[in-house]
Every structure is written in C-alpha cells, then in structure tokens.
J.: 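Take this structure, written in structure tokens, and hold onto it; I'll ask about it next.
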Amino acid sequence: MGDLSQLLEAASDFSHYPGVQSDDSARDFLNRFPLTLIINALQTNVDVPDLENTLVACLDKLFNTKLGASLIPQYMPFVQVGLQAESQAVRSLSCKTVSRLLENVDNDDKVAASVRLIKDFNIYPLLLDCIINGDEQVAAVAADAITKLASFPEGMEIIFPSGKVGETDLELIASQCSSLGRVRVLALVVKLFSVSRSAASTVYSLNLLKLLEAELRNADDTLVTLSVLELLYELAAIEHSTEFLSKTSLIELLSSIISNNSVESILRSRAMMICGRLVPKDIIHSFTNEPCVKAVIASIDGRLQSLDPSDIDECETALESLGHIGSSTQGATLLLSGSSPAARHVIDAAFERQGPQGHGKQLAALHALGNISGETRSKNNIILNAEAEENLRRLIYETATRSSKLTPSGLFLSVLQQDAEIRLAVYRVISGLVARPWCLMEICSKDDIINKVTNPTVETTKIGMEARYNCCKAIYQTLTLSDSVSAFTDIYAKLEKAVRMGPYLVKSHGEPQPVVETAERF
C-alpha cells in the first residue's frame, strides 16, 4: 500500500503538470514506476478511491509523449483488454491509445506494422463496439481512432474488407442496434466519407449513404431525423461530397421535407440549410439536373408563401438558403426565372420595414440579395441572362413603387440609414447591383447615398469600414467604365478621393500653428 500511495501521488503530479510532458520527464517517471506496474495497479486495485481516474490520466499523458507512444506496440494486449473494460474511462484511454499508435508513424514500414497490430489484436471490431455501446465520450474517441485508421490504404482494407464480415459490416450493425447506435454508425460513415475522395468513393460504392436516405424516409422519430439532418449538414460541407450525394435521392428527400407542412419546423429549416450548401455546388459542377434544383427552389418558394408571420426563424432560414443558392450565376438565374420568381420573397423582405422582431429577417434578405445580385461572384459572372436581369430590375422597381420611397434610390437610402448590421448588408447589395446601368443611375442620382458611402466616419468596425469601401469602389469602377461619367463629374471626383483614401479612417495631423495671445499683466 505504501508503494501504491507513492505511485498515486507521483501519477497525480505527472498528470496535472501544466502543458505537454517531455520525453525526459516520461523517462524519469517510468524509471520509478514501470508501465507494467502502472497497468497492473489499474487492473487489480479497482476499489481504491480515485485510483482509476488518476492512473488513466497519467497513462494518457504518458502515451501523449513520443517515448510513451513508442511503447504502445509492446502493450497491445492491454489495449485490447481495455477496449472491453466495463470502465468508460479505461475504454476511452484505450481508444485514444489506438489513435496515438497511428499518429506515431513517420514511414511506410511503421504504418504497415501499426496496422498489422490492429488487425492481429482484432482492434477494429472492439472500436465499433465502443461506438455503439460506449458513452458519448468513448464513442467520439473510438470514431476518431477509426478515422485515423481509414487515412491509410491498409487501414481501409480492415474497415472495408473484400468480403462482408458480420461484426464489421456497418449496414448490418446499423440494422441491429438502437436508434442511438444507428445515429452513431451514421456519424462514423460521415467521418469515413470525409477522410478522402477515395474513402468517399468506397462509402458510396458500398451503399452506405443509403442508410442516411432510409432514416430520412422513416421520419417517425423527430430526434433521430434531426440528428441525421445534422450529419447531412456536415456531409454537405465536405469538398468532394457533391459528386457522390448528387447520385443519391437525398436532394429529392430534402425537398419533400421542406414541402411537408406536417413535420416539425426545425426539420424543414435544417433541410433548407443543407440544400443551401449542396445546390450551388451541384449547379457549378453540373452534377444535378436542372429539374431537381428547380424542385428545391419551388419547395422553398412554396414554404415562404405559406409561412405564418410568426414563423420568423424558419423564414430567415428560407431566405438564407435562397441566398446561398443565388451565390452562383446559374442559381441566381433560376431564382430570377419565370413569371413569379422565387427571388421576389428576398426583395420584398429586404426593403420592407420589419420592426425589432423582423430585424433578422430583413438582414437575412439583404445578404441573400447581395449574393443574388453578384457581390460574391467574379466580375465576369455578375450579370445574368436577359430574362433574369429584367425580372431583377422589375421586382426592385415594383417594390419601390409600393413603398413610400417610390424609387430604388429611395429604398437604398432608407436601409442605409438603419443600424450597422443592416448597413453592412446594404453595402453588399449595392456592390452587386451597381454593375447594372439602371442601378448606377439610381445611386448617382441620390447625393445622400454617395455621401454615405464616401464618408469614412460612418462605420466604426473594421468589417463595416471594409464593406463601405468595397461598395464605394464598386460604384467608382462601374462609373469609370460608364458612358455617363461626364454627367456626374462631381460625384466621380468624390468617389475617386474616397477610393484613394482607403477603407480606414485616417485622422489628418495638422501642422503646428503659433498662437498669439495677449500677455497677462500682474
């Protein structure tokens, strides 16, 4: 017991050391307390208070050093037993140890040796069991270990063997476990998909993305459906996701969720956000056919028409999604096509006085309009086709005539006079729209707008100053190339001066001047 108390005291000091322990410190500690002694104490003295937590933390720090990681191959039996332990702390440590083993490889020989150890000790099925039956932390570190294993071709052969094996068949495992287990398996599928394009191709070819589709179709459990949508949102952000997701029916399923009035609002909102991420990339890379994209736009359009004014959050999400779709030239063209373009919702909300409760809705609409108008696109891709451009102009003029401002310039000025967040979005809108001759004339015909965008004292934040400057520069550059520049010489000079000054307010330092005063007499 005396030796044990010394071990616990030293282990506590070692684990609580601030920062990363050095190899020299790890070597000194192991010279006093060999790894075999620590593991034996952990296995045989389970009833000693705080022993498990102290030794687990100590081993975690030890294996985090280069020296400690180099010893892991000698203690794989301990890792194997630890993955099956009843203690969640020991399981978590064992999962982390597998990750450290795979991190501590700097050549092909070490990779091959580490992967061979994982195969020989049957580690992968045990990690899968940790994901399904462990607590939240254990499941997370087990998934991280499998993801690291998947980063090596030899590891992919273990995860996806040529012949399906029951204990490692993710599709079979998902069909046999609880709803929580299924969600964790799906989360692992997403992690594996994100490793590389090669891994994503394997996941797709094995039909594992069908598991996500199946959960969306079986929408009986709202929490499970929401979890799957969260995973899809992560999936949509992966660079190579579009190529494979477009080959599935996921976009059609998301579109049907958006159109379904009977599902929870949060599910519809999440589906819109995923479409907002996926559709622009689909269009750009031509992976998805146009009818599918039009169906997504139509479902969001229909939802905005039927929304109650009190559904502010869902409305904001819908507007943001349309803005993401409209960030590409093709997406903006589709949003502005037809006799009743979906972009009308964006323009109406952008210039409608919302009051305090509708501030977020107006902000989302203005940013969406900035995307649709081309603020985020290259100069060559700002202008759309003739139908889309005519609809954009018509919708803005119709909105103006329905308001008390009567003209687009009046609308722009009214929103420029609102708070800093709104102004930031308006700068983006004007930066995109001003590429159109009709908008350039509207802007230049309103001195108050020019005064706002050229005034370096209007904005006080860095992002605000830069947005104002970019707006000013966009007007200046468009006017420079316009035939109307001679009609606005004063405005052109003011814009040119503002552009030369740059985005940030530079206080002018006056020259020292002598002051003449009457001398005081005593």
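The model shown is predicted, which means the values in this text are computed figures rather than measured ones.
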J.: Does T65 reach the main-chain N or O of K61 with its side chain, forming a donor-acceptor pair under 3.5 Å?
T.: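 No: the side chain of T65 does not pair with the backbone of K61.
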
J.: Does S378 form a side chain to side chain donor-acceptor pair (under 3.5 Å) with N381? I'd like the steps, not just the answer.
T.: CA-CA 5 Å; S378 64; N381 292 317; 2.9 Å; yes

J.: Tell me whether the count of non-hydrogen atoms from other residues, nucleotides or ligands lying under 6.0 Å of CG in L307 goes above 12.
T.: yes

J.: Could you list the residues that satisfy salt bridge (charged side-chain N to carboxylate O under 4.0 Å, His left out) with D144, not counting sequence neighbours?
T.: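 Expected list: K191.
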
J.: Would you mind reporting whether S259 and R303 have side-chain heavy atoms less than 4.5 Å apart?
T.: no

J.: Can S22 and S25 be said to form a side chain to side chain donor-acceptor pair (under 3.5 Å), step by step?
T.: CA-CA 5 Å; S22 66; S25 298; 3.1 Å; yes

J.: Between K294 and D301, is the closest basic N to carboxylate O distance under 4.0 Å?
T.: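 Not counted as a salt bridge, because no side-chain N and carboxylate O are separated by less than 4.0 Å.
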
J.: Considering all heavy atoms of both residues, which atom of L254 and which atom of L229 are nearest to each other, and what is their separation?
T.: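 Of all heavy-atom pairs spanning L254 and L229, the closest is CD2-CD2, 3.7 Å.
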
J.: Count the heavy atoms of every other residue, nucleotide or ligand shown that sit under 6.0 Å from CD of Q305, and state whether that count exceeds 12.
T.: yes

J.: Any chance CD of E264 has more than 12 other-residue heavy atoms, nucleotides or ligands included, within less than 6.0 Å?
T.: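 It does not: E264 CD has 12 such atoms or fewer within range.
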
J.: Treating N104 as the side-chain partner and R100 as the backbone partner, does any N or O pair qualify as donor plus acceptor under 3.5 Å?
T.: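 No.
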
J.: Tell me yes or no: between the side chains of R217 and S249, is some donor less than 3.5 Å from an acceptor?
T.: yes

J.: Looking at residues at least two apart in the chain, or sitting in another chain, which of them share a salt bridge (charged side-chain N to carboxylate O under 4.0 Å, His left out) with E459?
T.: R423

J.: Considering non-hydrogen atoms only, spot the tightest contact between L319 and A368 and give its length.
T.: O-CB, 3.4 Å

J.: Measure the spacing between CD of E314 and CG of L267 and express it to the nearest 0.5 Å.
T.: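 That separation rounds to 10.0 Å.
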
J.: Just wondering, do L208 and F193 contact through their side chains at under 4.5 Å, heavy atoms?
T.: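 A side-chain contact is absent here, since even the closest heavy-atom pair is not under 4.5 Å.
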
J.: Less than 4.5 Å apart, any side-chain heavy atom of L35 and any of L59?
T.: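 Side chain of L35 against side chain of L59, heavy atoms only: contact under 4.5 Å found.
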
J.: Do the side chains of R428 and E375 get close enough for a salt bridge, i.e. N-O under 4.0 angstrom?
T.: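 The answer is yes: the pair qualifies as a salt bridge.
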
J.: Give the minimum heavy-atom separation between T225 and N218, together with the two atoms involved.
T.: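 So the minimum-distance heavy-atom pair works out to OG1-O, 4.4 Å.
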
J.: Hey, could you give me the CG/CG distance between L334 and L322, rounded to the nearest 0.5 Å?
T.: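 Reported value, rounded in 0.5 Å steps: 11.5 Å.
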
J.: Return the CG to CD1 distance between L253 and I258, rounded to the nearest 0.5 Å.
T.: 11.0 Å

J.: If every non-hydrogen atom of L101 is compared with every non-hydrogen atom of P73, which pair is closest and at what distance?
T.: CD1-CG, 3.9 Å

J.: Is L128 close to V185 at the side-chain level, that is, under 4.5 Å between some pair of heavy atoms?
T.: no

J.: Closest approach of C95 and A145, non-hydrogen atoms and distance?
T.: O-CB, 3.8 Å

J.: What distance separates E103 CD from I72 CD1, expressed to the nearest 0.5 Å?
T.: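 The CD1 atom of I72 is 9.0 Å from CD of E103, to the nearest 0.5 Å.
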
J.: Looking only at heavy atoms, what is the nearest atom pair of A295 and S255, with distance?
T.: O-OG, 3.3 Å

J.: Does a donor on one side chain and an acceptor on the other come within less than 3.5 Å for S198 and S201?
T.: no

J.: With a 4.5 Å cut-off on side-chain heavy atoms, are Y75 and T36 touching?
T.: yes

J.: Would you check, one step at a time, whether the test side-chain contact (heavy atoms from CB on, under 4.5 Å) holds for L8 with L55?
T.: CA-CA 7 Å; L8 288 178; L55 295 186; 4.2 Å; yes

J.: Determine whether the side chains of R268 and N261 contain a donor N or O and an acceptor N or O closer than 3.5 Å.
T.: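 There is no such pair (donor and acceptor under 3.5 Å, judged by atom type) between the side chains of R268 and N261.
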
J.: Out of curiosity, C315 SG to M272 CE, how far, rounded to the nearest 0.5 Å?
T.: 9.0 Å

J.: Flag the pair R182 / S178 as yes when at least one side-chain heavy-atom distance between them is below 4.5 Å, and no otherwise.
T.: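 Not touching, per the 4.5 Å side-chain cut-off.
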
J.: Quick one: CG on L366 to OH on Y427, what's the gap to the nearest 0.5 Å?
T.: 12.5 Å

J.: Give a yes or no on whether a salt bridge exists between R91 and D129, defined as a side-chain N under 4.0 angstrom from a carboxylate O.
T.: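 Yes, this pair counts.
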
J.: side-chain contact (heavy atoms from CB on, under 4.5 Å), that's the test. Do L126 and V79 meet it? Break it down for me.
T.: CA-CA 10 Å; L126 299 178; V79 175; over 6 Å; no

J.: Atom CD of residue position Q137 - does it have more than 12 heavy atoms of other residues, nucleotides or ligands inside 6.0 Å?
T.: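 Atom CD in Q137 is not packed in, count stays at 12 or less.
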
J.: Can you tell me if CG on D419 sees more than 12 non-hydrogen neighbours from other groups inside 6.0 Å?
T.: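 Atom CG in D419 is packed in, count exceeds 12.
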
J.: Looking at side-chain heavy atoms only, is the closest gap between I372 and L335 below 4.5 Å?
T.: yes

J.: After noting the C-alpha distance and the side-chain angles of L188 and R184, does the key distance pass the side-chain contact (heavy atoms from CB on, under 4.5 Å) rule?
T.: CA-CA 6 Å; L188 175 62; R184 288 179 175 181; over 6 Å; no

J.: What verdict does the side-chain contact (heavy atoms from CB on, under 4.5 Å) test give for L245 and Y204, after you've listed the backbone C-alpha separation in whole Å, the side-chain angles of each residue and the deciding distance to 0.1 Å?
T.: CA-CA 9 Å; L245 293 182; Y204 172 77; over 6 Å; no

J.: Can you tell me how the ring of F78 sits relative to the ring of F63, calling it parallel under 30°, perpendicular over 60° and tilted otherwise?
T.: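 Ring orientation, 0 to 90° scale: tilted.
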
J.: Please determine, by modelled atom types, if N260 and S262 share a side-chain donor-acceptor pair under 3.5 angstrom.
T.: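 Yes - a donor-acceptor pair under 3.5 Å links their side chains.
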
J.: Without swapping roles, check the side chain of S92 against the backbone of Q88 for a donor-acceptor pair under 3.5 Å.
T.: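 Not at all, since once roles are kept as given, no pair shorter than 3.5 Å links the two residues.
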
J.: Aromatic rings F29 and F33: how do their planes relate, parallel, tilted or perpendicular, breaks at 30° and 60°?
T.: tilted

J.: Is the shortest side-chain heavy-atom distance between L209 and L235 below 4.5 Å?
T.: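 The answer is yes, as the side chains (C-beta and beyond) meet within the 4.5 Å cut-off.
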
J.: Say whether N371 and H324, considering side chains only, have a donor N or O and an acceptor N or O under 3.5 Å apart.
T.: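 No donor-acceptor contact under 3.5 Å links the two side chains.
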
J.: Determine whether more than 12 heavy atoms belonging to other residues, nucleotides or ligands lie under 6.0 Å from atom CD of E9.
T.: no

